There are 2 protein chains.
Amino acid sequence: MAWDTTRTRRLLLEAAVEEFAEHGPQGARVDRVAVRAGVNKERIYQYFGGKRQLFTAVLEAELAKVAAAVPLTGAHLTDLGEYAGRVFDYHCAHPHFLRLLTWEGLERGRAEVAAEDERAAHYAGKVAAFAAAQEEGLITGESDPAHLVYAVYALATWWFTAPQVVRMITAGVGGDGPEARRAGLVRLVRRLTTPDDRTGGHRSHA
Amino acid sequence: MAWDTTRTRRLLLEAAVEEFAEHGPQGARVDRVAVRAGVNKERIYQYFGGKRQLFTAVLEAELAKVAAAVPLTGAHLTDLGEYAGRVFDYHCAHPHFLRLLTWEGLERGRAEVAAEDERAAHYAGKVAAFAAAQEEGLITGESDPAHLVYAVYALATWWFTAPQVVRMITAGVGGDGPEARRAGLVRLVRRLTTPDDRTGGHRSHA
DNA sequence: CAGAATTCCAACCGCACAGTTGGAATCACG
DNA sequence: CGTGATTCCAACTGTGCGGTTGGAATTCTG
C-alpha cells in the first residue's frame with residue numbers, strides 16, 4: 001500500500017479530537033489516540049511534536065470549523081435570538097468543541113492561547129457588528145455591545161458547560177430537551193436585545 | 001505535641017481545594033496536597049480514601065460554602081440584577097468554586113454527581129421562588145422560571161468559565177474590570193427579568 | 001505504668017504513560 | 001534495478017505518581 005501522509009495526519013487529528021474532548025488535555029492518553037487512529041503513536045511526535053502541540057492543533061482545527069459554521073450575518077442582527085439559536089444548534093450537533101474550549105480556559109487560564117490574534121479579531125468583529133446594529137437601532141443601546149455579545153454566548157453555551165447544574169435547574173420543566181431549551185434561549189435573547197419601545201434610536205449605556 | 005485529627009483533616013482539605021481548583025481532578029497531585037498541608041500523604045488515604053474521594057469531599061465542602069454565602073432572599077426577587085451581582089461578587093472573591101464545578105461538569109458529565117439530592121433540591125427551591133415571583137408580577141412571566149434561573153446563573157458565571165473568550169470579547173471595553181463587568185451584568189439581568197410594562201400580572205410562556 | 005489502640009511518617013512498590021530508538025517497508029530518482 | 005530518503009512500526013526506557021507498608025511516636029484504658 002502506498003504511503004498517504006495527509007490521511008495519516010487526518011486520522012490522528014480526528015482521533016485526537018475525540019480523545020481530548022472526552023478526557024481533556026490531562027486525561028487524554030497518547031496511546032489511545034494512536035489506537036483510535038489505527039496508527040503507531042510515534043507518528044504523533046513526527047507530525048505534531050507532542051501531546052501538548054497535538055491539543056493545540058485539535059483546538060485550532062475545531063475553532064476554524066465553528067467560526068465557518070456559524071457566521072454572524074447582517075440578517076441575524078435583526079433577530080439575535082435566532083442567531084443564538086443557531087449557535088446552540090451547532091454545539092448541540094458538535095458537543096466536542098465547547099468541551100475543548102472549556103478545558104483550554106481551565107488550563108491556560110489567563111495566559112495566551114492558541115491562535116490568539118485570529119480569535120481576538122474574530123470577537124472584535126462581532127462586537128463591532130453589534131455596535132453598528134445599535135447605531136441603526138436594531139438592538140438595544142442600553143448595554144455595552146461587548147456585554148451583549150457576552151450575553152448571547154453565555155446564554156447559548158452554558159447548557160453545555162455546566163450540564164450537571166442545568167440538569168438540576170430544568171428538572172421540573174415539562175418536556176425539557178434540546179427543542180425546549182432552544183426555544184427558551186431564543187426567547188431570552190430576544191427580550192435581552194430587542195430595543196426598548198420608547199426609543200427608536202441609540203441610547204448611551206454610560 | 002498532641003494529636004489534632006480535625007486540624008489535620010482540615011489542613012488536608014484546604015490544601016486539596018487549592019490543588020484541585022488549580023489543576024483539576026486529573027492534574028492534581030496527591031503528593032503536592034500533602035506537602036501543601038504539611039502532612040504525610042498517607043493521611044489522605046486514611047481520612048478520605050483516595051484521590052477521587054478527596055475531590056468529592058472538596059466539592060461538597062465548597063458547595064456548602066457557596067450555598068450559605070449567596071442565599072436568594074425574598075428581597076432579591078424584586079431586583080434579580082442585584083442578586084446576580086451578589087453571585088458575581090462571590091465568585092470574584094472565591095474563584096476556586098467555579099473551576100471545581102466546571103471540572104466536575106467535564107469529567108462527570110451526565111452521570112450522577114456529589115450530593116445529587118441536596119443540590120437538586122437547592123435548585124428546585126430557586127425555580128420555585130422565581131415561579132412565585134412571576135405569579136406576583138415581580139419578574140417577567142414570559143419565560144419558564146427554570147430558564148430565568150438558567151439565565152441568571154449563566155450570565156453571572158460565564159466570565160469565570162470561559163475567561164480566555166471573555167478577555168477577547170471585552171478587549172475593546174474602556175475601563176474593563178470587575179466593577180464594569182458587574183455593572184454590565186446587573187443591567188443585563190434587570191432587562192431580562194423586569195416584567196413587561198404592558199402587563200401587571202402573570203403571562204404564560206407556553 | 002503496662003499494653004492495646006490510634007495517629008503519623010519515611011520509605012517503598014508497581015505500573016501507567018510520554019517520549020525514543022533501531023530497523024523494516026515503501027517510495028523517489030537516476 | 002540500485003541507492004538514498006521517507007514513512008512507518010514494535011519494542012523499549014525512564015520516571016512520575018497513586019497507593020501501600022512497617023514501624024515509631026503518642027494517646028487511651030484499666
Side-chain angles (χ1 to χ4, degrees), chain A residues 1-61 99-100 103-104 106-108 111 114, chain B residues 1-61 99-100 103-104 106-108 111 114:
Chain A
M1 191 181 72
W3 301 138
D4 188 344
T5 66
T6 64
R7 177 173 171 276
T8 303
R9 204 189 138 92
R10 203 195 68 235
L11 287 173
L12 282 173
L13 201 62
E14 285 171 2
V17 169
E18 298 287 329
E19 179 70 14
F20 279 118
E22 199 165 328
H23 302 284
Q26 305 266 1
R29 298 294 166 233
V30 174
D31 300 55
R32 275 200 300 251
V33 172
V35 170
R36 274 193 214 236
V39 168
N40 190 279
K41 79 168 171 172
E42 175 265 355
R43 290 288 85 199
I44 290 171
Y45 296 92
Q46 292 304 319
Y47 280 102
F48 299 97
K51 193 189 186 185
R52 209 172 184 78
Q53 292 97 313
L54 181 58
F55 180 68
T56 301
V58 161
L59 209 61
E60 287 179 354
R99 294 176 61 83
L100 295 166
W103 255 307
E104 183 199 43
L106 285 170
E107 313 237 323
R108 302 287 196 278
Chain B
M1 193 181 70
W3 299 141
D4 187 344
T5 66
T6 65
R7 177 174 170 276
T8 304
R9 205 190 137 91
R10 202 196 69 235
L11 288 173
L12 282 173
L13 200 62
E14 286 172 2
V17 168
E18 298 286 329
E19 178 70 13
F20 278 118
E22 199 165 328
H23 302 283
Q26 304 267 2
R29 297 294 166 234
V30 174
D31 301 58
R32 275 200 299 250
V33 173
V35 170
R36 275 193 212 234
V39 167
N40 189 279
K41 79 170 172 171
E42 176 265 357
R43 289 288 85 199
I44 290 171
Y45 297 92
Q46 293 303 319
Y47 281 103
F48 298 97
K51 192 189 186 186
R52 208 170 186 79
Q53 292 97 313
L54 181 59
F55 180 67
T56 302
V58 161
L59 209 59
E60 287 180 354
R99 293 176 61 84
L100 294 166
W103 255 306
E104 183 199 43
L106 285 169
E107 311 235 325
R108 301 286 196 281

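Within every chain, numbering begins at 1; the chains are lettered A, B, ... in the order of the sequence lines, protein sequences first and strands thereafter. Just so we're clear, the structure is a prediction, and the values are computed from it rather than from any experiment.
The distance from atom CD of Glu107(A) to atom CZ of Phe55(A), rounded to the nearest 0.5 Å, is 7.0 Å. Distance check: Thr6(B) OG1 to Leu11(B) CG gives 9.5 Å after rounding to the nearest 0.5 Å. Rounding to the nearest 0.5 Å gives a distance of 9.0 Å between CG of Leu100(B) and CZ of Phe20(B). Between atom NZ of residue Lys51(A) and atom OG1 of residue Thr56(A) there is a gap of 12.5 Å, rounded to the nearest 0.5 Å.
A straight line from CZ of Phe48(A) to P of dG19(C) spans 14 Å, rounded to a whole angstrom. Atom pair Ile44(B):CD1 and dT20(D):P shows a separation of 13 Å (rounding to whole Å applied). When rounded to the nearest whole Å, the span between CG of Leu54(A) and P of dA18(C) equals 11 Å. If you take CZ of Phe55(A) and P of dA18(C), they are 14 Å apart, rounded to a whole angstrom.
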Indicate every side-chain donor-acceptor pair of residues 27-38 of chain A with a distance under 3.5 Å to a residue at least two apart or in another chain.
| unit_1 | atom_1 | unit_2 | atom_2 | d |
| --- | --- | --- | --- | --- |
| Arg29(A) | NH1 | Gln26(A) | O | 3.2 |
| Arg32(A) | NE | Glu19(A) | OE1 | 3.3 |
| Arg32(A) | NE | Glu19(A) | OE2 | 2.7 |
| Arg32(A) | NH2 | Glu19(A) | OE2 | 2.9 |
| Arg32(A) | NH2 | Gly27(A) | O | 3.2 |
| Arg36(A) | NE | Glu19(A) | OE1 | 3.4 |
| Arg36(A) | NH2 | Glu19(A) | OE1 | 3.1 |
| Arg36(A) | NH2 | Glu22(A) | OE1 | 3.2 |

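Using a 4.5 Å heavy-atom cutoff, the side chains of Trp3(B) and Thr8(B) are not in contact. Inter-residue side-chain proximity for Phe48(A) and Arg9(A) is flagged as met; some heavy-atom pair is nearer than 4.5 Å.
Contact check of residues 17-33 of chain A against DNA chain C (heavy atom, cut-off under 4.0 Å) returns Ala28(A), Arg29(A), Val30(A), Asp31(A).
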**Complete:** Letter by letter from the 5' end, nucleotides 4-10 of chain C scores (B base, S sugar-phosphate only, - none; protein heavy atoms under 4.0 Å) ---BBBB

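A donor-acceptor distance shorter than 3.5 angstrom exists from the side chain of Arg99(B) to the backbone of Leu106(A), with no hydrogens or angles considered.
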